[in-house]
Amino acid sequence: MAEKYDHKKIEQKWREVWEKTGINNTDLVSKDPKFYNLIMFPYPSGEYLHIGHAYSDMGADVYGRHKQLNGFNVFMPIGYDAFGLPAENFAIKAGVNPKDSTASNIEHAEKQLKSWGCLFDWSHKMTTSEPSYYKWTQWLFLKLYEKGLAYQKEAPVNWCLKCMTVLANEQVIDGLCERCDAEVIQKNMKQWFFKITDYADRLIKDLDKVDWPESSKIKQKNWIGRSEGVEFKLKVKNSKFRPEDDQPLAEKVDEDLSIEVFTTRIDTVYGMTYVVLAPEHPLVGKITTPDQKKEVEKYLIQSQKLTDIERQSLEKEKTGVFTGSYAINPFNGEKVPVWIADYVLYGYGTGAVMAVPAHDERDFEFAKKYKLPTREAVAPYTKFETKPDLETEVRDLAIAVVHNPQDNTYLCLEWKTTKWRAFPSGGTDGEDTITAAKREVLEETGYKNIKFVKEFRNTIFEEFYRPHKNSNVIAHSIYLLFELENDERQEVSEKEKAQHEAIWVKEKEVEKFLNIKHLKLFWESFQAGEEILFTGSGKLVNSGEFSGLFSEEAKEKMADWLEKKKVGKTKINYRLHDWSIGRQRYWGDPIPIVYCEKCGVQPVPEKDLPVKLPEKIKDFRPKGTGKGPLASVPEFVNTTCPKCGGKAERETDTMDTFVDSSFYYLRYPNVGNDKEMMAPEITKKWLPVDMYVGGAEHVTMHLLYARFITKVLHDAKLIKFDEPFIKLRHQGMILGPDGKKMSKSKGNIIIPDEVVREHGADVFRTYILFMGRFEDGGPWNPKGLVGVKRFLEKVWKMYKYFEGLDSRLRGNDKRGGNDKAVGWAKVSNAEVQAKMARAIKKVGEDIEEFKFNTAIAALMKLMNEMSGGERDFSARRSAKSVGMTNRGVSKEDYEKLLIILSPFAPFMAEELWERLGNKDSIHVQGWPEYDEKLIQEETVTIAIQVNGKVRDQVVATVETNQDEALELAKTSGKIQKYLDGKEIKKVIYVKGKLLSLVVS
RNA sequence: GCCGCGGUGGCGGAACUGGUAUACGCGCAGCACUUAAAAUGCUGUGGUCGUAAGACCUUGCGGGUUCGAUUCCCGCCCGCGGCACCA
């Protein structure tokens, strides 16, 4: 029988059989060890499910199937995230009700999903836009409301001009709406928020508990953006104050007015030369002096006009205006001007900052533009190699940087013994630095005529060992630039000569060999004579009682100081904002709140849930009035107060879709339960999720929200765990055949439906996972797919040998009579057994690590080993017709191959399994066992290296020891050639791997 | 700018904990089968030089550590993703 592999027929057949037998419907109460294998549920927004969905689901499915073969009761549920802006926007465009378009989109998605051969349990399907689901979304809202975690506040929110709704920060990309790319502006509105910031610390800390990609953990940490610092108050001199006034400070201080600032660099506070308020800061009006009023108002109007995109654009030059007032630095009592500038954000910290231009890039830039002074407070400190036993002296050091303008080189000393290089330098010992430097140059190098150019004004500390003095020094280094006037030199003393040599070094080399980190940093500024900016940590200077401390220590002491003086305290700030969840749109869960004239804000009682979204609504399009379309449905809006029974109105905002998806994984095992959101027993058994697979783009949104909600429910004692997803893996992106991101305009889209139709799901699955690393994705190559197809067809063809195996042994060589050597033996030969064992191990381990590409490579290799190899002429006739020879493979071997292939090609494996005469499904078999002993190769090839290069290979056993290996090596003619007349100085032996000989 | 990931044959990509770089697949070449083509199978395939044996070179670039580096360290270049005036 030469039946061709017909994927359409086979896949259709098994889809029906599996659906009928319900093989993938998980029995949630059965006792097997459970495995909750979850994919991010699809969002049926109108486009077909794209190749990315297929990639993710297929990878997760292979993993799940492997778990199933290893005895786990695998639950792989499926559902639809159906509410929200994209679905609604799609409906508006199509001119239909979102309910209808969503239904038809789901219908198509379902067909696609079912064609992929995944373990989806359709009996637990759910859709977030159905009342049976969103009842629990509303229930969740009430829980948060109860705990004070859902609240309303007037706040500047992101407002999409096109979608005409509020967006969460996470949904604003580069100042544009994530979904429609329209401009997003800031608007002040009363909004519903979830207090995710209360959980910020735990959301960071608990990342340690989960097995997630490290990069995703880092992304979440950065997104939350915790920063430790201090908040402190600066008193403001009242508005009548003039800088020209020279009154005692105390008299001028307005005790009631103070500016609170937040900083993470309190160690630089002595470098503060001005203070900046954000334009929206409430103090702006109070402290602006009459003569600055005009200017300030002009500036405020001007900055309001800017959109967020413009304001945040880095190219934009910083602008600001002086208020006329001054603030007092509590540390030194100094008065510094207060400015207004829009580079300070009102939404972060206190909306005001202390400006330290010497140590902050933004302040530096601003100060430069407005000619504000700069003051150094922290000096760089570098520790080079020192000798621990020696004493360390502290001294001022004059360092001479002598430039030769003739050839643009610099004068350096190279120590003879250590090759240590440095500029000529010497202690000043109270002497004038220029004189000291000149003297050192003369003594050490002999150059007589050098001209002083300038001194580098920043302090630099360096700690190092001086070979010429055999001592350690902490140097307060003063760099001086000289120019060489002429070559005139005097004789250098013998003592100096013996130690080092004067050399001229090219400009580029200077930075390189001196390896003086901080000088390098400043080299350009130094040459240009510019002021420098140092943003690192170091040793404090010009900082009163704190001078001499290192930054870290100073931060603590200064915070203590502030606390003692009661003007400040340590404070932790987050970039993360509370989650704005209200949407002025139709297609979402109504927020279960009513407003009563008498009782105020009232939550809808649990028993009245769900608050149904009215289905018959004339116009569901957004109005842009700040209120959602539900506001124009009186039957919805008008209700009675749950408390007093009086007249009341419903909240007309709907919830952000991310609320729906923040708990869906909890709901899956509870589908059908309309009494409670989570039944304790089943929830305890199935959660948390064991493996979660989905795109990395959800790290800062969905995954963060889901973790937050899980923690809230944990704290409410509704669940025992506080992390929802134990393991997380991301799929990479599948690119078009041209290596570019797939897009309609580029015309490089691969449609999953077409791949299934043309090649079948098995080829699709196997190819897409073979392409490259799962987390990397890569370009889709139709030619590469051919290779995978060939491989599967080979597996298919092999079946012919086993057809009717029970009645007659295949391949019995009728002519030669030597069935063992050439035929399909009943008992497979040892070689095949060993290769099989290795493949079983490798494929299993690789799937476990999501290394599907190498697992498939191992399967291909096994197939080649089982079918290819030496030419078998006795079987030639069959080799011709079926395209392969053989190596003595038994039916059992073939079955094992099918089992380990089945996660990748579930349809074909099932079909062949059945054809071999098996009654039950291949997918409920056990992962084949193998004998560990067979894994070990008994003979190994040992590489022989001579002086690091492989020169020959010898065959040995795993047991071969170093001496034996050496003997073997010596017998090799190739090796002898290299050993001839030489002495073996060193032998390194890695058992079973290589022998490395060092000869000379 | 900051954070993260990556750079390996003609191409997609392998490589344990520092131990024979290029597994597996594509492509290409030769052979077999065929009247022929396709399909299939077998063999070969990093580069340069060489008739050959072989030699030398090779994991983005430049240094370093090591008997030995794709792997570790230092300094760069390029690509991708995220954040972006967060004080």
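Chain A is the first sequence line, chain B the second, and so forth, proteins listed ahead of strands; every chain is numbered from 1.
Using a 4.5 Å heavy-atom cutoff, the side chains of A:Val954 and A:Ile944 are in contact.
Side-chain to base pairing of A:Lys318 with B:C85: one donor and one acceptor N or O lie within less than 3.5 Å of each other. Side-chain N/O atoms of A:Gln945 and base N/O atoms of B:G19 include a donor-acceptor pair closer than 3.5 Å.
Within the 4.0 angstrom heavy-atom criterion, only backbone atoms of the sugar-phosphate kind lie near A:Thr263; the bases stay farther away. Using a 4.0 Å heavy-atom criterion, one finds that A:Lys851 contacts the sugar-phosphate atoms exclusively. Here A:Val353 lies in heavy-atom contact (under 4.0 Å) with a base. Across all strands shown, A:Lys783 has heavy atoms under 4.0 Å from sugar-phosphate atoms exclusively, and none from any base. Nucleic acid contact for A:Lys985: none, since no nucleic acid atom lies under 4.0 Å from a heavy atom of the residue. Within the nucleic acid shown, A:Thr941 comes within 4.0 Å of at least one base atom, counting heavy atoms only.
The nearest whole Å value for the distance from the CH2 atom in A:Trp223 to the P atom in B:G4 is 18 Å. The nearest whole Å value for the distance from the NZ atom in A:Lys991 to the P atom in B:U20 is 18 Å. A:Asn222 places its CG atom 13 Å from the C1' atom of B:G81, with the value rounded to the nearest Å. Residue A:Asn864 contributes atom CG, which lies 14 Å from atom P of B:U40 at whole-angstrom precision. In this entry the distance linking CD of A:Glu793 with C1' of B:A38 reads 14 Å, nearest Å.
Taking the P atoms as reference points, B:A21 lies 24 Å from B:U43, given to the whole Å. The P atoms of B:U8 and B:G79 are separated by 14 Å, rounded to the nearest whole Å. If you take atom P in B:C26 and the same atom in B:C73, they sit 37 Å apart, rounded to whole Å. Remark: the separation of the C1' atoms in B:C78 and B:A29 is 35 Å, to the nearest Å. Rounded to the nearest Å, the gap between the C1' atom of B:G30 and that of B:G81 is 45 Å. Between the C1' atoms of B:A14 and B:G6, the separation comes to 16 Å (whole Å). Of the C1' atoms belonging to B:A23 and B:A15, the separation is 8 Å, rounded to the nearest Å. Between B:A36 and B:U48, the distance separating the two C1' atoms is 40 Å to the nearest Å.
Between A:Phe852 and A:Phe850, the distance from one ring center to the other falls under 6.0 angstrom. Ring centroids of A:Tyr274 and A:Phe366 are separated by less than 6.0 Å, placing the two rings close together.
Side chains of A:Tyr705 and A:Thr700: a donor-acceptor N/O pair is absent below 3.5 angstrom, by distance only.
Counting only Watson-Crick or G-U wobble pairs whose defining distances are both under 3.5 Å, the stems of 3 or more consecutive pairs in RNA chain B are B:1-7 with B:77-83, B:10-12 with B:24-26, B:27-32 with B:40-45, B:46-49 with B:54-57, B:60-64 with B:72-76.
For A:Val950, the listed nucleotide lying nearest its side chain is B:U20; candidates were B:A87, B:U20, B:G19. For A:Ser215, the side-chain atoms get nearest to B:G4 when compared with the rest of B:G25, B:A55, B:G4.
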Show each protein N/O and nucleotides 11-13 of chain B N/O combination with a separation under 3.5 Å, one pair to a line.
{"unit_1": "B:G12", "atom_1": "O2'", "unit_2": "A:Met771", "atom_2": "O", "d": "2.9"}

